[in-house]
Amino acid sequence: MTAETAAADLGTISRLTREWFVEHGRDLPWRQDGFGAWGILVSEIMLQQTPVVRVIPRLEQWLERWPTPASLASAAPGDAVRAWERLGYPRRALNLHAAATAITEHHGGVVPEDVPTLLALPGIGDYTARAVAAFAYGHRHPVVDTNVRRVIARAVLGQGEAGPPSTKRDLAAMEELLPRDLDAARATNAAVMELGALVCTARKPLCDECPIKQLCQWRAAGYPAYEGKRQATQKRFEGSDRQVRGLILAELRASDVPVTTDEIAQVWPDADQRERALSGLLTDGLAVQVDSEYELP
DNA sequence: TAGCCGTGGTC
DNA sequence: TGACCAAGGCT
């Protein structure tokens, strides 16, 4: 295949995916016109490693309570952790509060537009910075999440799985899929992501329904099994320190007053694990000690 | 960079 | 039923 043909195919992949998106993309809250940069930022933080269906109700409550960065910044960090409820990875709530504070104090209460400034905010990494710049402000940046990585691996590279993160490779590939036009570029980012979420899924991809199956390199190769490296498998959660942290934090969230070590001892039998978990929560700022008791910050 | 960080749903 | 997966970030 010549370079020209390849470039043309990338353009076709991009266009077909956008056309599919217009027809099949979900009407998610953060995609509505005028949703606002703050709402999009909050949604992106909440969506980190967390399914859409669990984010939507929490996001709506969050934005009703804290409609601006300044409003969240004026709350206690612990209120953010409590309002996070059971979304998981509660340090995200703490980071979001810290980001709101930085935005209020250093950026005039307005969510920054450019990737480097966004990256400097706590809890905002490469994906989230690009997503906010692209979706909230319409900047032309490749946005690469786990869905996009999978689509690129399959459709462009002909591999069954994305394997371990390969940021440079995937950013370059996504960059090539982005049209010059700003609106079309933003739509492409959303469309490829959505294709990975709804059709080109991790387990049972719906290849028959795929708008770019004719151009998919993985399909053309006969769906070879993935042979490359894989991401390390997650450790078992049941009985882990992570579980203990979660249980202790749930105890702190549920209480209006500081919690005693005796009360914490009720949530988990193993004292060593309790100490490790509690110490970790203190280090992370998710808990603070008052005399011999503990509470949210 | 590999390991850690929650929680719940799926097959 | 247990492993896998989910719009990642940080160290």
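Chain A is the first sequence line, chain B the second, and so forth, proteins listed ahead of strands; every chain is numbered from 1. Owing to the predicted nature of the structure, the values given are computational and were not obtained by experimental measurement. Worth knowing before you read on, the calculation uses all heavy atoms, side chains too, and leaves out hydrogens, waters and symmetry mates.
At whole-Å resolution of the value, CZ in A/Arg236 and P in B/dG6 are 18 Å apart. For the pair A/Leu94 CG and B/dC5 P, the interatomic distance rounds to 16 Å; values are reported in whole Å. Rounded to an integer number of Å, the gap from CZ of A/Arg149 to C1' of C/dA7 is 13 Å. One atom, CD1 of A/Ile248, and another, P of B/dC5, lie 12 Å apart when rounded to the nearest Å. Counting to the nearest Å, the P atom of C/dA6 and the CD1 atom of A/Ile56 are 17 Å from each other. Atoms CD (A/Glu44) and C1' (C/dA6) sit 14 Å apart, rounded to a whole Å. A/Gln48 has its CD atom 13 Å from the P atom of B/dG6, to the nearest Å. At whole-Å resolution of the value, CD in A/Glu161 and P in C/dC5 are 7 Å apart.
Contact annotation: the side chain of A/Met174 approaches that of A/Leu177 to within less than 4.5 Å [non-hydrogen atoms, C-beta and beyond].
Among the nucleotides B/dG6, B/dC5, C/dA7, the one closest to the side chain of A/Asp241 is B/dC5. When the nucleotides C/dA6, C/dG9, C/dA7 are ranked by their closest atom to the side chain of A/Asn147, C/dA7 comes out on top. For A/Asp145, the side-chain atoms get nearest to C/dG8 when compared with the rest of C/dG8, C/dA6, C/dA3.
Straight-line distance between the C1' atoms of C/dA6 and B/dG6: roughly 12 Å, to the nearest whole Å. The C1' atoms of C/dT1 and B/dG8 are separated by 15 Å, rounded to the nearest whole Å. The gap from the P atom of B/dG3 to that of C/dC4 amounts to 15 Å, rounded to the nearest Å. The separation of B/dT1 from C/dC10, taken at their C1' atoms, amounts to 12 Å, rounded to a whole angstrom.
When heavy atoms are screened at a 4.0 angstrom cut-off, A/Ala131 is found touching no nucleic acid atom at all. As judged by a 4.0 angstrom heavy-atom cut-off over every strand, A/Gly125 is placed among residues touching the sugar-phosphate backbone only. Among the heavy atoms of the strands, none lies under 4.0 Å from A/Trp84. Using a 4.0 Å heavy-atom distance criterion, A/Gln234 is classed as a base contact. Counting non-hydrogen atoms under 4.0 angstrom, A/Pro90 reaches the backbone sugars and phosphates but no base. Across all strands shown, A/Leu87 has heavy atoms under 4.0 Å from base atoms, whether or not it also approaches the sugar-phosphate. If you check every strand for non-hydrogen atoms under 4.0 Å, A/Asp126 touches sugar and phosphate atoms only. Using a 4.0 Å heavy-atom cutoff across all strands shown, A/Arg242 reaches at least one base atom of the nucleic acid. Within the 4.0 angstrom heavy-atom criterion, no nucleotide atom of any strand lies near A/Arg230.
The 5' end of DNA chain C is approached more closely, in terms of each residue's nearest nucleotide, by A/Ser43 than by the other of A/Ser43 and A/Leu121. For A/Lys229 and A/Arg54, each mapped to the nucleotide of DNA chain B holding its nearest heavy atom, the one lying further toward the 5' end belongs to A/Lys229.
Checking A/Asp284, A/Leu282, A/Leu94 one by one against A/Pro297, the side-chain contact (heavy atoms from CB on, under 4.5 Å) holds for a single residue, A/Leu94.
In terms of polar N and O atoms assigned as donor or acceptor, the side chain of A/Arg203 comes within less than 3.5 Å of the base of C/dC4 in a complementary pairing. Between the side chain of A/Thr50 and the base of B/dG6, a donor-acceptor pair under 3.5 Å is found.
Taking only side-chain nitrogens and oxygens, A/Arg26 never comes nearer than 4.0 Å to OP1 or OP2 of C/dA7. For B/dC4, the OP1/OP2 oxygens have a side-chain nitrogen or oxygen of A/Lys235 closer than 4.0 Å. Here A/Arg91 does not reach the OP1 or OP2 of C/dG9: none of its side-chain N or O atoms lies under 4.0 Å away. Note on A/Gln49: a side-chain N or O is less than 4.0 Å away from OP1 or OP2 of C/dG8. The phosphate of C/dG9 has OP1 or OP2 within less than 4.0 Å of a side-chain N or O from A/Thr128.
Using a 4.0 Å cut-off between charged nitrogen and carboxylate oxygen, A/Arg31 and A/Glu194 count as a salt-bridge pair. Salt bridge annotation for A/Asp270-A/Arg274: absent, with no cationic side-chain nitrogen under 4.0 angstrom from a carboxylate oxygen. Contact check on A/Glu85 versus A/Arg58 returns a salt bridge, with a Lys/Arg side-chain nitrogen under 4.0 Å from an Asp/Glu carboxylate oxygen.
Using modelled atom types and a 3.5 Å distance limit, the side chains of A/Gln273 and A/Arg276 yield no donor-acceptor pair.
Ring pair A/Trp62/A/Trp66 is perpendicular by interplanar angle, where above 60° counts as perpendicular and below 30° as parallel.
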